[in-house]
Every structure is written in C-alpha cells, then in structure tokens.
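Take a look at the structure set out below.
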Amino acid sequence: MRFTLTLGPETVAAEIEERDGRYHVQLDGERVEVDARWSAAGTLSLLIGGTAYLADVAEENGEIVVGLGGHAYRVRVEEPGRRLGRRRAGAAGDAAQRLVAPMPGRVVSVHVRAGDRVALDAPLVVLEAMKMENEFRATVAGVVAEVAVTAGQAVNAGDLLVVVSPERT
Amino acid sequence: MRFTLTLGPETVAAEIEERDGRYHVQLDGERVEVDARWSAAGTLSLLIGGTAYLADVAEENGEIVVGLGGHAYRVRVEEPGRRLGRRRAGAAGDAAQRLVAPMPGRVVSVHVRAGDRVALDAPLVVLEAMKMENEFRATVAGVVAEVAVTAGQAVNAGDLLVVVSPERT
Amino acid sequence: MFAKLLVANRGEIAVRVIRACRDAGIRTVAVYSDADREALHVRLADEAYPIGPAPAAQSYLAIDRLIDVARRAGAQAVHPGYGFLAENARFAEACRAAGLTFVGPPPEAIAAMGDKTAARRTAATCGVPLVPGTREPVGSDDEAARAARELGYPVMIKATLGGGGKGMRLVANPGELGAALRLARSEAASAFGDAGVYLEKTLAEPRHIEIQVLADADGHVVHLGERECSIQRRHQKLVEEAPSPLVDPPLRRAMGEAACRLVAAVGYRNAGTVEFLVDAERRFYFLEVNTRLQVEHPVTELVTGLDLVREQLRLAAGEPLGYTQGDVIARGWAIECRISAEDPAAHFRPSPGRITAWRPPAGPWVRVDAGVYEGAEVPIHYDPLMAKLIVWGRDRGDAIRRMAGALAEFGVAGVRTTIPFHAAVMVHPDFVAGRLSTAFVERMGSGLVPRPDPARARVAMIAAALHAYRQAGRAWRSAVAPGPSAWALAARPRVPRVPR
Amino acid sequence: MFAKLLVANRGEIAVRVIRACRDAGIRTVAVYSDADREALHVRLADEAYPIGPAPAAQSYLAIDRLIDVARRAGAQAVHPGYGFLAENARFAEACRAAGLTFVGPPPEAIAAMGDKTAARRTAATCGVPLVPGTREPVGSDDEAARAARELGYPVMIKATLGGGGKGMRLVANPGELGAALRLARSEAASAFGDAGVYLEKTLAEPRHIEIQVLADADGHVVHLGERECSIQRRHQKLVEEAPSPLVDPPLRRAMGEAACRLVAAVGYRNAGTVEFLVDAERRFYFLEVNTRLQVEHPVTELVTGLDLVREQLRLAAGEPLGYTQGDVIARGWAIECRISAEDPAAHFRPSPGRITAWRPPAGPWVRVDAGVYEGAEVPIHYDPLMAKLIVWGRDRGDAIRRMAGALAEFGVAGVRTTIPFHAAVMVHPDFVAGRLSTAFVERMGSGLVPRPDPARARVAMIAAALHAYRQAGRAWRSAVAPGPSAWALAARPRVPRVPR
C-alpha cells in the first residue's frame with residue numbers, strides 16, 4: 001500500500017507491506033523493517049532496527065497526530081493522486097483565518113483594528129479562560145477584515161473574534 | 001428490568017429502572033438511588049446515598065466478577081425463571097471435579113490415589129509453575145475416580161490431573 | 001483528630017488532601033460541579049456530593065452550598081486546598097459560624113495578610129525589609145504618577161487584595177501609566193471585588209524565594225526553609241525547588257527568622273508561606289504572605305520529611321507542633337514541574353479535552369500528584385494543572401537528571417502538555433548552573449519553545465503510515481475520533497477516509 | 001561510566017535498572033522472550049532485541065544469546081537484576097571473557113558465596129556466628145541421620161547451591177528424614193544442577209534480618225543497615241521493612257560489622273546482602289550471602305537516600321565509594337509489599353492473564369516499582385511479581401498507615417492479586433506491634449486470608465445488576481470476555497445472555 005506523508009515542510013512517498021507479522025516500510029526508497037504492536041488504548045510500540053519507540057497515534061482534524069518523546073507530530077497522509085487528510089479549517093495556508101473563541105471566556109485585549117496589516121504570528125486577541133490569559137495570533141499574513149469583539153467583553157465558545165484575509169502576493 | 005442475584009450463599013431479587021440518568025435499584029424490596037458512570041476501560045464509579053465506590057466489572061466463566069475494595073465478588077445474575085449465568089465446569093456443586101493443569105508445569109506431588117475418599121478442600125496435587133508450587137484442592141467431597149499423573153511429570157496446559165466424583169448423600 | 005472532613009476543592013490538591021486524611025484515619029467528603037462527576041477526587045473520596053453547575057462561581061466558590069454539604073454529611077472540618085476559597089476570610093468565618101474547623105489560619109489572619117498594603121505595613125513594623133513602594137493604595141492617577149516618579153521607573157502596579165498575578169501590570173515609562181492603572185484597576189475589581197492598587201519599584205531580574213512556616217495554637221512557630229520559584233511565566237510558577245541554589249545557611253536563617261517574626265505578629269496559625277524577592281546582592285524583600293497550602297509544598301516535604309497536609313490537619317485539630325526549629329533538618333534536593341494541559345509550542349494556550357493516554361513516570365524518588373487519570377476529561381472551566389511531577393535527589397544535579405528522565409518517561413496523549421517545556425528547562429545551561437531569575441522564561445524566549453527532534457520526525461511518519469495502513473484494513477467505524485475537544489469547536493474534526 | 005548497558009532481565013527489576021541507567025546517562029539495551037515483546041521493560045529501554053522462546057532456559061537463561069546481543073548492540077556492561085543469571089558465576093565469567101563489565105561481584109566471589117557450605121566455613125573463619133549445622137554436604141542417609149540426631153529435631157535440609165527456598169525441607173522427626181532428603185536432593189538437582197544438601201538446626205520462630213553491604217574496588221566496605229523480611233510464605237518474602245523493629249544500635253553495629261568482615265574476606269565488590277536469622281534473645285546467625293541486588297532493596301534506599309542501582313553502576317565502573325560508614329544515616333521507616341498475580345484466597349495460586357485495570361496508588365512517599373501496565377499480560381512462564389509497593393514514613397506507625405492507605409487505593413482487575421493479603425497484614429495486631437517471625441504467616445493461617453467486607457457485598461450485587469442491565473441494552477457483541485486467561489482453559493468462559 002502506498003501513501004504520501006507530509007510533516008511540516010517535508011513530503012515523502014511511503015510504501016508498506018506486511019509479511020510474517022512485520023512491516024516492511026519504504027520511505028523515499030529507503031527500506032526499514034518495523035516490529036509494531038498496538039495496545040488497546042492506541043499506543044504503538046515500535047522496534048526499528050533494535051531501537052524502541054513508544055508512540056500515541058490519534059486522528060485529529062484530518063491529520064494523524066503522533067505523540068512521540070513529548071512532542072506531537074502532525075502528519076498528513078494521502079494516497080497518490082488523492083488527498084486523504086483534510087486541512088484544518090482556518091489553519092495556515094491560503095484560506096482566511098476566522099478566529100473563534102474555543103471556550104467561554106473574557107476578552108482581555110484586542111491588538112488589531114480592521115484594516116490593519118498583520119504579519120504571520122502577530123498577536124490578535126488575548127482571551128482569559130481557564131484562569132489563564134491566552135494569546136491568539138495570526139496564522140496567515142494579511143489584512144484584518146473584521147474585529148468582532150472589544151476588550152472586556154464576555155464571549156461564548158464559537159463566537160467570532162477576528163477575521164484575517166490572506167495577503168495575495 | 002428484574003434480576004435474581006446470587007453471591008455466595010445469598011440470593012436476592014433485584015429490579016432496575018433508569019430515570020433521568022440515574023438508576024433506581026430495588027434489592028429485596030429496599031430502594032436505593034444510584035449515580036453510576038462507566039469509564040471506557042470498564043471501571044464503574046458509583047455514588048449511593050453519597051458514598052463513593054469504584055468497581056471493576058467483568059464477565060468470567062458465566063459470572064459477573066466485581067472487583068471492589070481489593071476483593072473479587074462473583075455474582076450470578078439470572079432473570080426469574082431462567083438462569084442466565086452458567087456455572088463453571090468442575091466447580092463446587094453436584095458435578096464431578098475434573099482437575100486439569102491450568103498452565104504448563106511440573107507435578108511436584110500427588111496426594112491422592114484412585115479410590116481415596118476426599119473431603120471438600122482436601123489437597124489433591126501440587127503443580128510447580130511460575131516459580132511457585134501451587135496446591136490444587138478438592139472442590140467437591142467425594143471419591144477419587146482417576147489420577148492421571150505422577151510426581152515429577154511435566155504437564156501441558158489442559159492436561160487432566162485428577163477426577164473426583166461427588167459423594168451422593 | 002476529626003472523624004470526617006470536607007475537601008472544598010477539586011483536581012490534584014483535592015486528591016492530595018484526601019490521601020492525607022485517609023492516612024490519618026479521617027473520612028473524606030468530596031464536592032463536585034457538574035463538570036467533575038467523573039473527576040479523580042470523586043473516585044477517591046469516601047463520599048461525594050454535587051454542588052452546582054460547572055462555573056466555579058456557582059459551585060466551588062459557593063460558600064453556602066459548601067457549608068450546607070459539610071453540615072448534612074456530618075463533617076467536622078473543611079480543607080480549602082489552594083485557589084478558590086482558600087484565602088477568603090468570609091469562607092473561614094462561615095466555617096467557624098457553622099461550627100466547622102477551617103484547616104488554615106483564623107479569618108483575622110487571612111484578612112490581615114490578604115490586604116497587601118496592610119501586610120506591607122505589618123512587615124515594616126516587624127523589621128522585615130520591603131520592596132520600596134507605596135504603603136497605601138494609590139488614589140488619583142496624579143498621586144500614582146508622583147509616587148512612580150519617586151520610586152523610579154519601571155514600577156509594578158499591584159492589586160491591594162491581589163494574588164496569582166491578577167491586577168498586576170509592569171509600567172516601563174510615565175506614558176504607559178494611565179492605561180496600565182485603568183486595566184489593573186478593572187482586573188482587580190473583577191477578580192477581588194476591590195479596585196484598589198498600589199505601586200512597587202521593580203527589581204532587576206529578582207529571584208522569587210519563599211519561606212514555609214508552621215504555627216500552632218500556642219504560638220510556637222517554625223520555618224521549614226525556603227523554596228525557589230523563579231521559573232515563572234506571567235507570574236505563574238512553572239518550576240519550583242528546595243532548597244534554593246542561591247541561599248546559604250546565614251541567608252536561610254535571616255529569611256526564616258523574618259518570616260517567623262511576621263506571622264507571629266499577626267497571630268498566625270497553621271501553614272503559611274512568606275514570599276520574598278531576592279536581588280543579585282542577596283538582599284531579600286517581603287512580597288506577600290500566602291495564607292494557605294502552596295501548590296509547590298511537595299518540594300519542602302521531600303527535603304524535610306514532613307507531610308505538610310498532615311501537619312495542617314494536626315495543627316487545625318489543636319495539636320502542638322511537637323518539635324522546634326532545631327529538629328527541622330533538610331536532606332537532599334527536590335524539584336517540582338507543573339504539568340498543565342497547555343501547549344508550550346503555542347504560547348501556553350490551554351489544551352482542554354479527553355486524556356486518551358496517561359502514563360506517568362515512576363520509580364525511586366519520583367512522585368506524581370495528579371488530579372486526572374487515563375480517560376478523564378480536562379474541563380475548560382478550571383485551571384489547566386493536571387499533575388505535579390516532583391523528584392528528589394541527593395544533590396541538585398542528581399535531582400535535575402532524575403527530573404529529566406521522569407519527563408522523558410511521561411506519556412500523555414489527547415491534550416498538549418507542558419512536559420516538553422520542562423524538558424527544555426532541565427537541560428538549559430542557566431538552569432543547570434542555578435542562574436535563575438523571574439525573567440528566566442521571558443529572557444530565554446524561543447530557546448524554551450520545545451523543538452521536536454528531527455530524527456524522530458521520520459519515526460512519526462512511519463507511525464502515521466502504519467496507522468493509516470491499519471485503519472484501511474479495518475471496517476470503517478462511524479466514530480474514530482476521540483471524545484470532543486473544546487478546541488475542536490473552532491474547526492470540526494474531519495476523519496480521513498482511507499479506502500482499501 | 002558506561003555509554004551502553006544490557007539489562008539481562010525482565011519485569012519490574014529490568015524497568016528499575018533502565019530508569020537508573022537513564023538518570024545516569026547510560027543507554028539501555030533490553031532483551032525479551034517471545035512472551036515479552038509487549039512488556040514494560042521493552043517499552044522503556046532505548047533498544048530491545050529478541051532472545052528466544054518463552055521458557056527461560058531458552059531466553060533469559062541463555063548465556064550465549066545474551067552475550068551475543070550485548071556484543072552486537074555495542075553494550076559495555078551487563079546488569080543481571082535478580083533471579084535468572086544474577087548469581088551464576090559462569091555468566092559473570094562469560095561477560096568478563098567477552099570484555100563486558102558484569103554489574104555485580106567478581107565470578108570468584110559469586111562462586112565462593114554460592115556454595116552454601118563453603119560460605120558457612122568462611123563465615124566461621126571470620127567469627128560470624130552460624131546456625132548450628134553440618135559444615136559439609138551430607139553424604140549417605142545414615143550420615144544425615146547421625147548429624148540430625150546431634151543437632152536435634154526439627155532440622156532443615158538445604159541445597160548446597162540453594163536459594164529462593166528451592167531444595168529446602170523442614171524435617172520434624174527422624175521418620176520423615178529419608179523421604180525429605182530424596183525430595184530435597186531431586187529439587188536441588190533440577191534447580192541448581194547439583195544434588196548436594198546439608199543440614200541446619202531449626203530455630204524456634206526466628207526473624208529474618210539481612211544487612212545490605214557495598215564494596216568498592218579498593219576494598220572499602222560499608223553497610224547500609226538492616227532489612228527485616230520475616231513475613232514470608234514458603235520461604236518467599238512477602239513484606240519487608242527497614243529498619244527492623246527488633247534491631248537497636250548495638251545489634252545493628254554488631255550485625256553490620258560481621259557482614260562487612262565476611263564480604264571483605266572473600267574480596268567482594270559491588271552490592272551484596274548478608275542474611276541472618278535472629279532468635280528471641282537477639283542472637284544472630286549467618287544464613288547466606290546474596291551476591292546481587294535484592295528484590296527488597298528499595299526499603300534501604302528510602303531510609304538511606306542512596307540509589308542502590310546507581311551505586312552498583314558506579315562501583316562496577318570502578319568509581320570509589322566516596323563515603324564512609326559514618327556518612328550513612330538512616331531516616332524514618334520504609335515498608336515494601338510485593339504485589340503478585342496470585343490469589344491469596346486460594347492458597348496463593350498464580351493468576352496469570354491480561355491486566356484489564358491497573359490503578360497504582362500515588363502521592364507523597366508512595367513508590368510503585370512495576371513491571372506491568374494496564375492492558376499488559378502477566379505471562380504464565382515467569383515469577384508472578386507484578387510490582388512492589390514501597391512507602392516511607394517518619395516512624396513505623398506512619399509507614400504502616402500510609403501502606404494501608406496505598407493498598408486501599410490500588411485497583412487491579414483481570415488478575416487476582418496479593419493486595420488484600422497485605423491489607424490484612426497491615427492491620428494485624430502482631431504486625432503493628434512489630435512481633436514478627438518467619439512463622440508469622442503460617443501461624444496466622446486463615447486470619448490472613450482476606451475476608452471480603454460483607455457491607456460491600458450488597459454494592460457488588462448492585463454493580464453486577466447494573467452491568468447486566470447495561471449489557472442488555474446494547475447490541476450484543478461477539479466477544480465480550482476479556483483476553484484469554486490461562487486459568488480459563490480449564491473451563492471455557494460462557495457469557496450470560498441477558499435478553500431485553
């Protein structure tokens with residue numbers, strides 16, 4: 001079975017065959033033999049050339065999230081010629097960023113006004129929730145199309161906060 | 001829904017109704033209201049009149065085994081007029097005890113000969129397995145009908161060791 | 001000792017108190033909001049009762065309901081934990097009025113230390129050095145501007161009834177003062193019901209070092225040495241240790257005696273913490289008194305061998321301390337890391353949701369005080385602290401290595417955690433060398449943003465491919481995704497369909 | 001220090017060694033039999049390699065395969081854990097021949113102490129008191145009968161190369177001697193490859209107290225005080241503690257010095273344990289030397305603050321001890337309970353199978369050294385020990401209460417465990433009073449068979465009824481029963497069908 005795997009900027013071609021309970025994996029032509037065991041809870045124990053790895057694998061927003069060594073790697077898996085994973089709405093890319101409140105809270109501060117030009121990662125809004133102030137940043141470079149809240153305002157989960165339109169270059 | 005519950009020597013009639021996410025349980029006429037939550041792993045959190053219990057519930061050999069406070073309670077659940085649980089073959093009761101090796105091991109000693117009269121709980125065979133000597137005892141009072149092994153012999157899981165025929169009284 | 005005690009809290013500290021009560025033969029009564037029916041503290045308590053909807057104001061902060069449950073369950077005492085009502089003098093008074101023993105200082109001492117400007121005045125009276133600042137809440141903006149000019153910029157605005165970083169604002173120059181005052185006052189008003197604020201001079205990269213004290217009903221006071229809590233982010237402590245790499249025996253004695261003088265002066269009882277800032281010249285300045293158990297109390301426990309919650313229970317029951325300052329002997333080194341459901345790679349954004357994997361580390365001198373379990377939900381309504389990982393070692397290097405190992409072993413899935421942040425701190429040369437300050441996290445900036453290991457990226461790809469391969473071989477089930485995550489509300493999960 | 005080490009063991013001790021290596025910056029190589037691919041030690045090691053089929057003789061005891069894996073993986077050292085090859089001089093020699101450092105004493109010391117009659121002679125030479133008995137293996141049955149008559153019945157038959165209770169037989173009167181000799185010789189031959197046995201006088205209800213020693217390459221020897229391990233069943237230790245309630249400082253000094261003399265006499269290196277029996281008059285008698293890490297080493301760690309596996313690694317790498325007897329200071333009290341997959345209500349019958357729930361206790365001074373996890377299988381091929389629960393307290397009463405609480409919190413399902421047995425011990429008046437002896441378990445008999453709480457039987461019935469109710473409301477799935485249990489082979493599980 002063939003896949004295309006994308007992790008961050010890197011995309012590789014993969015092929016998997018199962019033989020005698022082991023997986024023969026090719027990544028961009030390089031072959032590795034993998035001894036893989038799944039636990040009921042979705043934990044994956046891997047032995048690759050003797051080296052041991054323990055990974056937690058789950059699907060989230062159309063990506064496969066692999067927890068490994070304390071980090072979460074988000075991998076997009078596609079079959080050649082057909083995308084299997086779907087990008088997260090509003091994530092980095094060409095689409096506009098529609099920032100909505102992920103939980104009930106209070107708007108502490110708004111750092112942009114409609115019409116502002118913002119760079120990637122520029123602070124947009126600070127929301128207080130879970131006893132913490134949470135800063136939300138631009139996931140696209142562009143122009144602020146809409147600011148739907150003001151500082152001090154209480155918001156519910158799902159309420160629109162800010163819309164950023166991507167810069168056309 | 002009505003059940004008959006048997007735990008050791010005690011048998012009680014039970015009725016369960018679910019209302020507003022709570023369970024109204026009658027045991028032999030006495031009513032209790034139970035707030036019960038199951039976790040994915042089969043753990044059951046109970047609040048009964050404010051008292052908290054954490055139970056592990058599983059089915060085993062036709063009984064429901066409830067782990068509670070470090071002990072395992074084996075409960076037989078039946079619908080009136082029809083037995084739902086099935087007794088374990090070879091367990092206490094009228095049936096003959098067919099003692100088979102539950103795991104590979106070595107017979108350390110045999111305490112009975114064919115024709116011996118044995119009391120309930122009398123030692124029959126000692127099997128060494130898992131680094132331990134394990135004593136197997138009579139689960140019925142009766143007469144030894146067959147001894148299939150001798151001391152020192154290696155056995156596989158499932159091999160017959162001893163048969164005890166119950167005493168007719 | 002009490003026969004039954006109500007724990008007026010949730011999460012890891014409720015679990016901590018329940019365990020201490022169990023070991024002391026005290027039955028425990030837990031309370032839970034609608035969001036917490038399946039929480040760990042409900043599982044472990046002897047009894048548990050609902051107290052209202054998820055928002056804390058309607059449950060864990062609802063004094064009347066807590067008192068009512070305590071009465072009906074027949075509890076004789078109440079432990080407030082930390083946060084929520086732990087430093088609320090009205091709650092301590094309500095307990096007293098209901099005939100319940102409040103496990104903490106008397107309401108008068110809570111009130112006396114809760115008013116930060118009053119506490120500063122008391123400290124001055126006891127000869128405890130203060131950070132230069134206003135002795136009274138500042139009135140008009142003009143008065144504040146005058147005071148700030150005298151102190152010299154940068155200055156810190158603090159809430160009179162403050163705590164936990166609320167209502168605090170750093171002001172770098174006169175131009176920022178007006179706006180900062182407005183924000184700080186509004187934050188203080190909404191958090192503490194009092195808009196009063198005062199000003200303090202800002203020390204250059206100070207260290208946060210605090211002294212644990214215990215006081216009994218006869219007025220005997222001992223201190224249990226210091227904790228250093230300089231690794232903070234936005235005034236939230238992240239890493240704590242005992243002892244402090246800065247403090248030598250003379251400084252420890254001086255700070256300890258100052259702390260004991262101060263609490264003795266206000267008739268303090270039970271456990272408390274006197275917080276100080278310490279500058280580069282090892283001068284210490286009184287910051288505030290926390291009239292409760294601290295989150296970071298375990299590091300003191302592991303070096304002194306004293307169970308602080310047990311001591312709180314004993315002292316609340318009227319038992320005498322039973323030992324003197326000379327009996328308190330510290331051994332080795334302890335470090336605590338706060339394991340929160342936050343994403344350190346995304347500015348510590350909260351990451352509530354279902355914990356799908358929870359594999360805490362274990363082994364010698366590794367302690368995990370957790371409020372969660374595998375399969376539990378981290379609700380959106382409360383503090384994201386899931387657990388505290390505490391280790392002990394014979395010396396600081398030993399403790400750091402053990403913490404690094406324990407962090408590497410800690411497996412969590414379903415929510416993002418601060419584990420990789422802590423792992424980065426443990427190998428940071430300044431941390432290893434003990435060069436700490438409250439500016440540590442900010443100064444390090446992106447150096448502490450956890451970077452994934454590039455060599456492991458390839459293994460992650462293999463794992464993802466194996467997962468997809470396996471899913472393709474299975475009958476497609478309707479619900480593959482784990483339980484709903486609040487963060488997913490912004491973008492509904494879409495499950496990749498992998499055809500055969 | 002080594003860069004890479006092979007752990008020639010499985011279960012909790014392999015995990016323990018892996019953690020110690022990780023904290024010391026040593027990469028670990030695990031080995032696993034076919035039954036252990038998914039075991040915890042394989043999950044936690046840096047590398048893992050298969051070494052053969054499930055039976056230990058073809059895997060964990062296969063010296064050639066272990067040496068081969070160590071060589072190919074580039075390991076510089078081998079830690080044998082306990083059991084398996086830990087006291088096998090041939091294995092230590094094979095490591096040496098392969099250029100691998102064996103973490104333990106030199107083969108000569110293992111051999112010198114492994115021959116129990118030779119060890120007794122050495123002890124006598126060093127002025128260490130012996131249990132009266134034969135100095136040489138007994139030859140004919142007649143010679144044995146003469147020796148037994150001189151010692152006086154009851155006598156104990158022991159294997160010359162013995163250990164772990166194998167080849168031991170208690171003989172109450174002359175009539176039993178012949179049969180007991182035959183059995184003991186055959187057990188010794190099959191367990192140790194040598195049918196030699198010797199006789200010892202039986203002390204009346206002695207206590208089992210042992211001294212932990214450490215020795216470096218320069219011949220410096222210190223002892224770390226004693227452990228009492230009197231709570232045994234069929235010579236298998238179940239509960240251990242440090243210090244011993246019987247031992248006072250003079251006795252500790254005398255036993256410690258005797259132990260140090262003995263190991264110094266045989267050029268001992270690394271960690272070892274000298275076992276003694278102590279009678280009611282506090283006279284101590286040499287029993288044997290265990291030339292390895294003991295299962296119960298954690299109780300010594302918790303009172304001394306010394307990481308024994310770390311010390312083993314340091315000493316094996318040629319580092320000096322770095323401290324003297326006066327630097328070893330014990331604090332507080334530690335107790336260990338061995339949590340095995342055995343059913344204490346059914347004569348401790350092994351209970352292998354899939355662990356469907358595993359909720360270890362946690363909190364202050366509660367340590368769980370486990371070799372399993374939720375979802376893991378306890379294989380039928382090896383020792384049923386799943387975990388060790390170890391607690392520390394300021395005094396013995398404190399430790400007992402904490403242990404009782406931790407046992408109450410420990411939740412395990414899928415296999416039966418010794419947890420209820422330990423819970424019964426912790427509240428037994430003799431245990432609480434420190435009246436211990438190796439006859440404790442036998443003497444208590446059914447008093448230690450855990451009795452379910454009758455009040456909870458009703459709750460169990462409710463839980464069972466709720467389960468049946470819930471199952472009735474579900475689409476019936478084809479496989480409800482958990483993973484196959486070896487014990488179920490005798491009687492295939494039958495699932496009750498609860499129609500709507």
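Hydrogens, waters and symmetry mates are skipped; everything else that's a heavy atom, side chains included, is used. Everything numeric in this text was worked out from a predicted model, so none of it was measured.
Contacts between residues 393-400 of chain D and chain C, counted as heavy-atom pairs separated by less than 4.5 Å, involve D/R394, D/D398.
Chain D forms more heavy-atom pairs under 4.5 Å with one residue of C/V309, C/V368, C/D307 than with any other, namely C/D307. Taking D/R359, D/K388, D/R367 one by one and counting their heavy-atom pairs under 4.5 Å with chain C, the maximum is reached by D/R367. Between chain D and the residues C/I390, C/L302, C/V366, the most heavy-atom pairs under 4.5 angstrom are made by C/L302.
Between C/D23 and D/R402 a salt bridge is recorded (basic side-chain N to carboxylate O distance below 4.0 Å).
Nearest heavy-atom pair across C/W365 and D/L306 is CH2-O, 3.4 Å. The two atoms that bring C/P364 and D/E301 nearest to each other are CB-OE1, 4.3 Å, heavy atoms only.
Using a 4.5 Å cut-off between heavy atoms, C/D369 contacts chain D through its side chain alone, with no backbone atom that close.
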Report all side-chain donor-acceptor pairs from residues 406-414 of chain D shorter than 3.5 Å, counting only partners two or more places apart or in another chain.
| residue | atom | partner | partner atom | Å |
| --- | --- | --- | --- | --- |
| D/E409 | OE1 | C/R19 | NE | 2.9 |
| D/E409 | OE1 | C/R22 | NH1 | 2.6 |
| D/E409 | OE1 | C/R22 | NH2 | 3.4 |
| D/E409 | OE2 | C/R19 | NE | 3.1 |
| D/E409 | OE2 | C/R19 | NH2 | 2.6 |
| D/E409 | OE2 | D/A362 | N | 3.4 |

